[in-house]
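Beneath this line is the structure, given in structure tokens, with notes to follow.
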Amino acid sequence: MGLTLITGPARSGKTRNAIEQLTEYSPVELAQKVRYVVPTKEAARQIELRLMERLGIDGLLGNVVCTFFSFASEFIAHEGLASRLITDEKKELTLRKLVAESAPVYLGRSAESPGFIRALDQLIGELKGSLVKPADLYQALSMADSELPGVSAIKLKEIAELYHVYQDKALVEHELHDREGLMWLARDFVKLETAPQFELVVFDGFDIMNATQRSFLESLVERGQEVLLLLTYEGGRDEVFAPSRATREFALDLEAREVAVSSAEGDTLAELRAHLFRRTGSAENQEGRLAIIEGCDPLMEVELVAEEILRLKADGCRWGDILVTLRAAGGYQERIADVFNAAGIPLAAAKRSLSETTMAKTLMGCMAVVRDDWPRDEVLRLLKSELLNSDNDAACEVEIAAKNRGLVGGVGPWHDSWRADDPNYDFRRRALKPLDEFNKIRSADSLSVMTEAVRSLLESFDWRKQDDDSLAEDAAAHRRLTELLNELEDSAGSLHLQKYSDFFGYLEELIRLSETEAPPSRLETVALAPAESLGAREYPVVFVLGMLEKVFPRAPREDAFLRDWERKKLNISLGGRLDYRLAGAAERERFLFYRAVSAARERLYLCYPLTDTEAKDSLPSFYMDEVRRVIEAPRLIRRNHAALIPTPDDVFGMPALTRAAVYALADGEATATAARTYNALSAREPKLLAGVWRDSRERKARLTDERVLARLAERQKRWSCSELETYALCPFRHFIEKTLRLQQIRDEVDPLDTGSLLHDVLQSLFGDLRAEHGSGLMMGRLDSEATISRALTILDEKMKRLPRLAQLAQYEKETLAHDLRIILSRHLNAEIENARTGFVPAYFELEFGRSGESYGEPDPASVETPYIVETGAGPIELRGKIDRVDIRESADGTTGAVVIDYKSGNQDDVRKYVDGTKIQPLVYLAAVEQLFGWRPLGAEYRPLRTWKPNGVYAESSDIIRKKSNRRLTDSELETVLEECGGIVGDLVERIRAGRIEIEPLSCPSYCHLLGVCRHEKGPDDGFQ
Ligand code: SF4
């Protein structure tokens, strides 16, 4: 009876021997009489598997293999204490509150830094693990006070005060415990007569024990419990085993019976374990079991690891056989997750932040809706949420309608019917019902009512119908949220959360600090674990990443709160219970590396990058030299900057394959592997592949199916000039917008809105003026001040009635109105000053060839007859709406016309009609000649912001030629109009032929289709 200590180097069979002892028990006896205690859950899982395999059973009863915490909890539960454990999140919030309230002077500055609370939490954890209670710390301080410099004494007193308030006020007074506090309790309970007694307790993987663990073990031994302690230790090798020597000495002080086992001679890895840090031995690297991976940077390092894992898998290795370990996670964890994900390597899921789960996001969205008075974007997000049992199509329709209505927020508008035939009214009411209920939380007056409202909301979420993975994630998040609500209720007395807004703030903070358990994967996965947590775990294949100096081994660092010399002073009173950070650091690092190396059964890969992420040279760990001293020729896998782009057939894994394929195709080497990769990736990585597409292939895209072409020809009976101009500018954009009719959602007030508003104002103004003056309306005779004033009144009226402007804040409306007033005033002023003699502004929004509903009020003189352009392939019908036509009656009884196209944006040049992108004014001029019999005198763009009309005019118009204009004889003008007819015919023929090339004449900077067409913009593409 008593303590048996089994010592030996790693993988010398200690665990196997212990498991062998358990085979004497039946499964039921094991559950009742034996406990096998390990440091982590993952280690417990491995031991369970080994035990079940040895016993030939599929499962274990009870808590046979357990972590130290769960073992200690058994003693607490046995005494009937229903422990209330403070969660990590609540602990963090509590510490934050305590620090804020105590307003420390010395620590005040550092208390504002983001890592302060975590560091304080770790220090308290260390003090408690070292069995230093607040009173002990005070006493140690008072004893050391005279030897401490003033600032140090102040700092340590502040730390002692924070520790005392946390332990005695925040925990004890509210009957709460943290994990270390529960260990204290368990240590006391284990001494009781009534405490559970087992036939055998095995401790495996506790090579470095803290004071609590030692004390617990001591109590077990004192009460006669048979204990087996497995220790990684070998005499005569202090360079490696110094850290576990202290545990051995402690066990021997308890009169342990020591059994030393030694490692059998073996393969390369056994040689490495046996001689590491001894600087002796030169073993052969059998079958390349030891490999070194050298990437040119940290990303390449991880990519090479991924490639090697894929190779191993192809050779029959299982995912679950592989461990990836590292000393410090740093940026590695995310990088590994990204690269492995892209390579299709399943990685054991890490814990997730609760705030990243769909359920927590939806809950926080609901809180934002209630708190911020139903803001549009948040409500729309929720309407699309599957958890609210939504209908995505209906939600998209609601989104468009809400944006077009200019709805910005407020609970009322979401519950109104928006039109007599509002098709989504019922959907909105149904989908928003849970939110309506939740909205009542605003009038809640107690924490219990508020937590109940959140519980009801969570219950209304429809998450149980989802696929297995989402279901597991949602279930974990639901569980965690419910726990948080329970905790909140438990702490009602100390929290003082009376208003819903404070409650939301606190709950959101808790959610942000919380993590959910990773859902158990149905797949076997590659394990990822820090070197510190490996314990006695073993895997056939181990990759140790980040083998860099100051990373592994980590640079020795003092503790930020308690310097080593301060620990020394305090230890006089504390009996040496506080560990030192600098002393012994090198031994601890060597021991950790030894454990990481020993975790490999068959293959070991030591990996490092040659440079850091900023391309600065990195220094490989000196441990690599130690390894090379033992094993003669480790296999070297390396990729440097000169070989960044291997051929597609030489690489494993998607990132490397993608890069290799892209470069191979761009160079015109379309191997089968490269082409296959391209095809697989073209949908996923359009931007990446855009360059390849441009450089390596012709882009003569064309619709060829006769049925499709016939449908297009049948549908397209009457053409508009703007459509033809769009085609001339970019056939692909025309295809998307005009053929497929995909439209951009315009939810913000943009230049199109302001342009059509100005058009409207001018149309109304000139309509009124014409009604007053009839054919005698001459611009030059108008009073400019009165005319401008009329226009501004019309502008104000129209702005009030425009629903899309409702979404603007008041100051934005005022700024917009101010700008528009200036534009109108300047424009009308200039027009009156530069009035053309003999011309009357006669028609506004003059429409022809209308084939359906028309936007706005057309001029009464509009006709339904289309303008016909005769071409070799038959007549083409055109429709259009002319902004304005000024006419001049001649003495010979003929009527001449100038067609005006208002431009609210950039200046356009009519003279550039030849490429088809500026044909509208001239085509309209030809149309009014054909349809109304007016003699063509001119066609112009008239910008609204400046007085610079730009046009093509007949000499007979008498319009003075300016630099930007072109003056033609009447017959020359006729020829230009005929030319435009030819351009129209050509454009229509290309559209009918189904040509949809991505060959824009230029890409306007506002084109919203860039992500679809994947065109690479050049310097000429509209980014002036
Ligand atoms: S971005 Fe350029 S190429 Fe692409 S659709 Fe728009 S105009 Fe055409």
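Remember, it's 1-based here, ligands and their atoms both numbered in the order they're listed. In this chain, numbering begins with 1 at the start of the sequence shown. The structure displayed is predicted, hence computed values, not measured ones.
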Mark up the atoms of ligand 1 that fall under 4.0 Å of a heavy atom belonging to [X], in ascending order.
X     : answer
L1009 : 5 (S)
P1000 : 3 (S)
C730  : 3 (S), 5 (S), 7 (S), 8 (Fe)

- Note on the structure: Sequence neighbours excluded, the answer for side chain to side chain donor-acceptor pair (under 3.5 Å) partners of E831 is R884, R942
- Do D986 side-chain atoms and G982 backbone N/O form a donor-acceptor pair below 3.5 Å? no
- Query: Does K384 have any salt bridge (charged side-chain N to carboxylate O under 4.0 Å, His left out) partners at least two apart in sequence or in another chain, and if so, which?
  - Reply: E399
- Item | Within the 6.0 Å centroid threshold, strictly below: Y924 and F848 | yes
